[in-house]
Amino acid sequence: MKKIGFIGIGKLGLDCAEVFAEKHEVRGYDIYPRVSNSVKVCSIDEVVNESEWIFIAVPTPHAEGYDGSVPSSHMTPKDFGHDAVIDAINNVNRCAKDSKKVVLISTVLPGTTRNKFVPLLDKKHQFVYNPYLIAMGSVKWDMVNPEMIMLGTEDGSLTGVAGELHDLYETIMQNNPRYEVGTWDECEAIKIFYNTFISAKVGLVNMIQDFAMKIGNINVDVVTNAFARSTMRIMGPKYMTAGMGDAGACHPRDNIALRWLAEEYNIGYDLFDTVMHAREVQAKNLALFLVDQAQRHSLPIVIHGKAYKPDVEYCIGSYSTLVGFYIREAGLPVVYVDPLADDRANCLDTIDGPAVFLWAHNRKITYEYTGNTPDTQPYCKIESGSIIVDPWRKLPVDMPGVAVLHYGNTRT
Ligand SMILES: NC(=O)c1ccc[n+]([C@@H]2O[C@H](COP(=O)([O-])OP(=O)(O)OC[C@H]3O[C@@H](n4cnc5c(N)ncnc54)[C@H](O)[C@@H]3O)[C@@H](O)[C@H]2O)c1
């Protein structure tokens, strides 16, 4: 039996504390009077000093009018409030006579824990960021049957206190949950972007509902149920690897044409424009990263793969040429290597000397679902002194004579 303390026993914290209390000795502190049959509600001093573990479940409130129940998309973006978390940390520092295992549950945006909270906590304490995917109405059930448990540590490893927290959860879980271990920042991102995936999914199906209402002869359920059964691409892990943008003969042009449909039927918003705009800015961000590398090292830029995907010749809708557009817009030349590409403009067969390469093609990722998975082999000799920017983060970083940069991995 472990001694556990909760700071903040509101809608989330009280139920979670009571779940722990079925197996452990649990105390709780709140600035608001709370009652519980199984959790001892007491002073902050007693919670801190009588507990080995301290869970912080205080609010991280949005500003007035930022909960989504009234229109807010026209308003200035604002972060959550952090005063209660800071107050809880200060209370741990002030009261604790010895080292504590501090676990923050409250939802915060990526980067907050590292930048704002950890610097405040006395160094003698250990810290884990451990957000919950729990819904109102089923807190206690969700707590012991989570889809996953996120354990966030400074370097993303399951060492020390994070391993102990894993063992503590094993004493109460009913569903043998999956543990996702990452840096504080990665766990903040898993929690908050998990919610964004749900918001985006609901936004998309409701958009189809809007089209059904405007166009006629469409039952939205026929359409969305077809997607719900589409386990090859839509409902499964495919397209879950960040890398090059959506491309090809169909996807970009379909979305571009759908902008017209949204306008034609006066849908009132244009998600296609938003998606395509994001795609363009993402290509520009990647281009500027390549430009920066090229300028720092005085090397030319080569895009390795011009066709919109490996093993085909088609350059229609190619994300490589979109990235190339933004490289040229930034004032640098760009060439391509691709033995198959049907558009030979600026395509070379060999590259003399070192260069910054964009590893645009990854045939393993593109064709994994067919069972055809050999890696992309270099389309030309890559001279020593080159830099390969791998947006798929699959190339080994210890290639002799070549620096491989994994675009999208900023872990140090
Ligand atoms: N409610 C959920 O379903 C849910 C799910 C996942 C994550 N979260 C996150 O958990 C956090 C808490 O959410 P909640 O729904 O329980 O909020 P809540 O407002 O119901 O509960 C927070 C409790 O903390 C207390 N409190 C406020 N300031 C305090 C302080 N300085 N010291 C001690 N206690 C203090 C409040 O009196 C309240 O009882 C938020 O960050 C929220 O986003 C909530």
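In each ligand, atom 1 is the first atom listed, and ligand 1 is the first ligand listed. Here, residue 1 is the first one in the sequence, and each next residue gets the next number.
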Ligand-protein N/O pairs under 3.5 Å (ligand 1):
unit_1   : atom_1 : unit_2 : atom_2 : d
ligand 1 : 3 (O)  : I134   : O      : 3.3
ligand 1 : 16 (O) : K11    : N      : 3.3
ligand 1 : 16 (O) : L12    : N      : 2.8
ligand 1 : 20 (O) : K11    : N      : 2.9
ligand 1 : 20 (O) : K11    : NZ     : 2.9
ligand 1 : 31 (N) : D87    : OD2    : 2.7
ligand 1 : 37 (O) : D30    : OD1    : 2.6
ligand 1 : 39 (O) : D30    : OD1    : 3.3
ligand 1 : 39 (O) : D30    : OD2    : 2.6
ligand 1 : 39 (O) : R34    : NE     : 3.3
ligand 1 : 39 (O) : R34    : NH2    : 2.6
ligand 1 : 41 (O) : T60    : OG1    : 2.6
ligand 1 : 41 (O) : T107   : N      : 3.0
ligand 1 : 43 (O) : T107   : OG1    : 3.2

Ignoring hydrogens and angles, state whether a donor on the side chain of [X] or [Y] is under 3.5 Å from an acceptor on the partner side chain.
X    : Y    : answer
E170 : Y179 : yes
H251 : D246 : yes
E18  : S36  : yes

_Salt-bridge present (E25, K2; N to O < 4.0 Å)_ = no
*Can we say K100 and D98 salt-bridge, meaning some charged N sits less than 4.0 Å from an Asp/Glu carboxylate O?*
yes
*Can you see which heavy atom on V39 is nearest to which on A21, and at what distance?*
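Shortest heavy-atom contact: CG2-CB, 4.2 Å.
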